[in-house]
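Structure, as structure tokens:
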Amino acid sequence: MTHQDSSTQKLETASEQEEEEEYCCCWCCCCIAKGMQSIIDALTGGGNGGQKRREIKGTVVLMKKNVLEFNDFNASIVDRFDELFGRGVSLQLISSVHGDPQNGNKGKLGKAAYLENWIPTIAPLKAGETSYDVTFEWEEEELGIPGAFLIKNNHHSEFFLKSLTLQDVPGEGRIHFPCNSWVYPAKRYTKDRVFFTNKSYLPHETPLPLVKYREEELAALRGNGEGELQEWDRVYDYAYYNDLGDPDSGADKARPTLGGSAEYPYPRRGRTGRPPSKSDPNVESRVPLLMSLDIYVPRDERFGHLKLSDFLLNGLKAIVQVVKPELEALCSENRDEFDSFDNVLKLYDGGVKLPGGPTLDNLWKDVPLDIINAIFHTDGERILKYPLPEVIKESRTAWRTDEEFAREMLAALNPVVISLLREFPPRSKLDSKIYGNQDSSISEEHIRHHLNGLTVGEAIKTNKLFILDHHDTLMPYLRRINNNTASKTYATRTILYLQSDDTLKPLAIELSLPHPDGDKFGAINKVYTPPPADHKEGSLEDTIWQLAKAYVAVNDSGYHELITHFLHTHGVIEPFVIATNRQLSIIHPIYKLLHPHFRDTMNINALARQILINGGGLVELTLYPGKYSMEFSSSLYKYWNFTEQALPQDLKKRGMAVPDPESKHGLRLLIKDYPYAVDGLDIWSAIRNWVADYTSLYYKTDEAIRSDAELQSWWKELVEVGHGDKRDEPWWPKMQNRDELIESCTTMIWIASALHAATNFGQYTYSGYMPNRPTISRRFMPEEGTPEFEELRENPERAFLRTITARLQTLLGISLIELLSTHSSDEIYLGQRDTAEWTADLEAAAAFERFGKALTEVEERIVERNGEEQLRNRYGPVKIPYTLLFPTSEAGRTGKGIPNSITI
Ligand SMILES: *[C@@H]1O[C@H](CO)[C@@H](O)[C@H](O)[C@H]1NC(C)=O
Ligand SMILES: *[C@@H]1O[C@H](CO)[C@@H](O)[C@H](O)[C@H]1NC(C)=O
Ligand SMILES: CC(=O)N[C@H]1CO[C@H](CO)[C@@H](O)[C@@H]1O
Ligand SMILES: [Fe+2]
């Protein structure tokens with residue numbers, strides 16, 4: 001502790017004592033005393049030797065705790081009891097002009113003021129905000145213009161402080177302080193809570209009296225790295241994913257720690273500081289599942305809004321606590337199989353009757369019935385009803401066509417893997433010393449007659465061949481998955497041909513297994529081709545081809561959930577959330593730019609670690625890599641490249657676009673009707689223009705970037721700690737100029753908003769009907785001469801359904817994705833903010849308004865394109881328009897809408 005720090009502390013103690021003396025036993029006494037004082041002041045010309053003393057009127061907006069928590073009856077009783085005694089909330093303005101030399105030149109403090117008209121609410125459980133008047137005494141000459149304020153909560157329970165607004169500040173007019181923070185009783189903090197106005201300052205431009213407050217606030221948010229963090233803590237810190245397993249419950253529940261090793265690299269998550277497990281000191285103990293979903297996240301990361309918290313928490317709780325055991329009981333009672341597609345369709349017509357019974361009845365107690373009813377469309381009868389997924393709304397069979405199979409690689413949930421085929425046959429990048437020959441066995445003979453007379457060489461040269469390549473990523477895991485889980489699956493390669501109408505036609509599917517004698521013998525490949533054009537539906541050839549496509553879909557759906565969705569959006573963003581809050585002050589312009597894109601992300605990720613991606617969680621239960629799911633996700637982080645997450649870079653890398661100055665956005669798409677890319681580039685450009693406009697207001701030169709100490713610490717920590725396992729990658733931007741700042745912030749915003757939306761909100765649309773995108777395959781392609789092969793011939797539907805995801809996993813899986821595909825009613829979409837007063841800078845606000853307009857124009861273009869019949873990939877045989885990158889949405893499961901951040 002420096003000398004200066006200790007003197008500061010002494011002074012603070014002194015000022016606290018002063019306040020104690022002023023403290024009155026009840027509100028009324030205070031009011032009377034204060035009123036008397038102002039009368040005396042008025043009579044004597046002010047209490048301070050003729051100083052010009054003014055009153056500044058202000059309004060505080062806050063929400064009380066019980067408004068958000070229906071069931072927290074204890075809190076509301078204590079709260080009301082407390083109000084009778086009139087303990088207060090005190091506020092002190094802080095000067096932005098005059099420092100106190102005796103207090104480290106920190107801005108001088110005004111006199112404490114108290115909330116007035118704190119009227120006990122008549123209906124204390126009603127949701128919403130309440131406003132309170134507050135009147136500050138302010139010695140204009142001595143204090144100048146306020147730039148921040150201190151607040152102390154002397155109540156027993158916390159409240160959510162939304163904002164303070166001052167009217168008629170001399171020389172300034174209106175001043176707004178956005179707060180959006182939970183303020184706990186004063187004893188929870190070592191320093192009083194401080195809030196700043198909505199002005200932005202680069203670090204060196206901060207008014208001197210505010211500098212110390214700025215630094216202290218960041219230090220408080222960084223914490224000291226020690227101890228278990230508590231509900232009221234606001235500390236942002238890093239940890240490995242060492243909380244997924246539960247070794248105390250047995251060796252089969254243990255999972256490797258992800259992050260911090262070359263073997264299992266992973267992005268960091270938020271630290272909770274929970275004690276280690278008993279069996280392994282390097283593994284964090286878990287919160288017992290049935291007790292609570294209360295995992296520490298910094299207080300203001302916890303859902304501060306009613307709708308999402310109710311909806312998501314209760315929804316997940318209901319799935320794990322009620323639906324899962326019910327379904328397990330049900331599926332063990334009956335056989336765990338669907339026998340026909342009709343049988344599957346009954347899910348959506350009649351629903352699933354849950355067995356109930358005394359043991360199960362008990363489970364329902366914890367989750368309010370109205371919530372279960374609302375979320376699972378039950379009606380008290382314990383029938384789970386699922387809405388009809390869009391993919392089978394128009395036609396019950398269109399999903400099985402080759403055109404739809406291929407189209408979903410361009411316009412459905414996982415449109416980010418398909419790439420241009422540059423060499424034939426496709427070669428593997430796996431190390432042949434370890435994996436032997438992993439090159440493809442697809443030959444010219446397999447595909448030649450589908451190329452409209454072109455040779456394979458000519459088709460490659462004219463950019464007509466594409467590939468969905470799920471070979472190299474999976475092969476190293478395949479032996480373990482097939483041997484140690486219930487899954488029986490393949491690594492896959494699918495070759496597609498681009499037809500003149502811009503649709504893709506699958507020409508060959510290769511299914512590969514590791515060699516039974518060992519990796520070094522290479523892969524065992526089998527190639528399947530579509531049945532002849534005159535084939536009969538349900539014929540043997542047709543069934544085999546449908547199964548081959550199903551294995552591809554299985555592979556793709558695992559990749560989608562674990563890599564595209566969780567790792568590439570949820571997982572990689574969390575370190576940005578942490579680094580930003582630790583290193584960029586809330587008054588830093590880049591903090592203001594990025595903060596909306598971090599809303600709720602730490603919280604949903606904490607829930608995910610608790611019940612989705614944990615050992616034995618819903619992800620392991622419903623996806624084919626089973627207990628290797630997160631390990632597999634970690635193995636793919638090795639290939640993650642931040643700069644490549646920029647959409648234009650991603651498209652170029654996959655060969656889906658080439659630079660072309662003549663084309664819109666400077667890129668020519670090789671498949672013109674590639675809905676994800678077409679709409680995505682419009683959104684990308686809108687974000688980039690906004691980021692460039694906004695940052696240019698604050699950084700006039702590249703030097704300004706280099707000399708911004710907070711910005712430099714932010715980036716350094718993000719790279720070296722947050723993504724520390726990849727700190728030595730050469731591609732990290734060095735954050736030395738404005739271009740790097742613009743490109744990096746655009747990429748971050750893109751990942752958190754559009755990329756996540758494109759891969760998240762169509763989940764039920766396409767996967768709600770499991771045969772379209774099965775998540776598990778339970779047996780291999782039947783070989784001729786086996787009973788399974790006979791079944792394939794005799795009863796193709798049953799054979800298909802016995803191969804893909806079983807009934808229990810299907811029901812659980814679609815319950816989950818239905819929840820995850822839904823927007824809560826208080827979602828905030830790209831181009832929107834929770835308050836118009838997020839910044840005091842008029843130019844920044846105007847730039848933001850232009851961003852909103854640009855997005856509205858993007859919406860119009862999307863609607864137009866969806867109306868153009870020749871753009872066949874936007875609808876496909878299933879007739880689902882491509883809306884996943886349509887910026888706004890209503891609440892509910894709409895298949896559109898780009899929330900600012902990853903909230904679900
Ligand atoms: C296959 O599984 C068995 C039993 O789970 C195990 O003993 C064996 O080591 C596994 N082999 C491979 C190659 O993973
Ligand atoms: C990372 O991505 C950038 C941009 O696409 C690319 O230029 C670079 O080669 C990539 N680096 C690696 C190591 O993959
Ligand atoms: C989980 C998953 O989807 N696995 C694989 C699907 O196929 C590709 C290509 O080999 C792999 O990279 C994925 O890992
Ligand atoms: Fe998500």
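Scope of the values below: all heavy atoms of this structure, side chains included, with no hydrogens, waters or symmetry mates. Counting starts at 1 for both ligands and their atoms, following the listed order. Remember, it's a predicted structure, so these values are computed and weren't measured experimentally.
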| task | Run through W640, F642, Y266 and flag the one making a ring-ring contact (aromatic ring centres under 6.0 Å, His included) with H723. | result |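 Of the listed options, the one satisfying the test is W640.
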Shortest non-hydrogen contact from Q610 toward V287:
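Heavy-atom minimum between the residues: NE2-O, 2.8 Å.
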Does A754 have any side chain to side chain contact (heavy atoms under 4.5 Å, CB included) partners at least two apart in sequence or in another chain, and if so, which?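 Partners of A754 by the side chain to side chain contact (heavy atoms under 4.5 Å, CB included) criterion, ordered by chain and then number, come out as I683, W750, L885, I898.
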Legend entry - At the Fe ion (ligand 4): angle between H756 atom NE2 and H565 atom NE2, to 10 degrees: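 The two atoms form an angle at the metal of about 100°.
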Indicate if the distance from the Fe ion (ligand 4) to the nearest N, O or S atom of I904 falls below 2.8 Å.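 Short answer: yes, at least one N, O or S atom is under the cut-off.
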Below 30° counts as parallel, above 60° as perpendicular, anything between as tilted: where do the rings of Y769 and W399 land?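 The rings of Y769 and W399 stand perpendicular, inter-plane angle above 60°.
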Practice problem: Could you list all the side chain to side chain donor-acceptor pair (under 3.5 Å) pairs where at least one residue sits in residues 659-669, not counting sequence neighbours? | Solution: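 Qualifying pairs, neighbours excluded: D660-S663, K664-D682, H665-D682, H665-S685.
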Of all residues at least two apart in sequence or in a different chain, which pass the side chain to side chain donor-acceptor pair (under 3.5 Å) check with N641?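 Scan of N641 (side chain to side chain donor-acceptor pair (under 3.5 Å), adjacent residues dropped) gives T643, E644.
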T622 and T775: side chain donor to acceptor below 3.5 Å: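 Per modelled atom types, T622 and T775 side chains form no pair under 3.5 Å.
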Contacts table for ligand 2: protein N or O within a distance under 3.5 Å of ligand N or O, distances only.
unit_1: ligand 2; atom_1: 2 (O); unit_2: N641; atom_2: OD1; d: 3.2
unit_1: ligand 2; atom_1: 2 (O); unit_2: N641; atom_2: ND2; d: 2.4
unit_1: ligand 2; atom_1: 2 (O); unit_2: T643; atom_2: OG1; d: 3.1
unit_1: ligand 2; atom_1: 2 (O); unit_2: E644; atom_2: OE2; d: 3.4
unit_1: ligand 2; atom_1: 11 (N); unit_2: N641; atom_2: ND2; d: 2.9
unit_1: ligand 2; atom_1: 14 (O); unit_2: N641; atom_2: ND2; d: 3.3

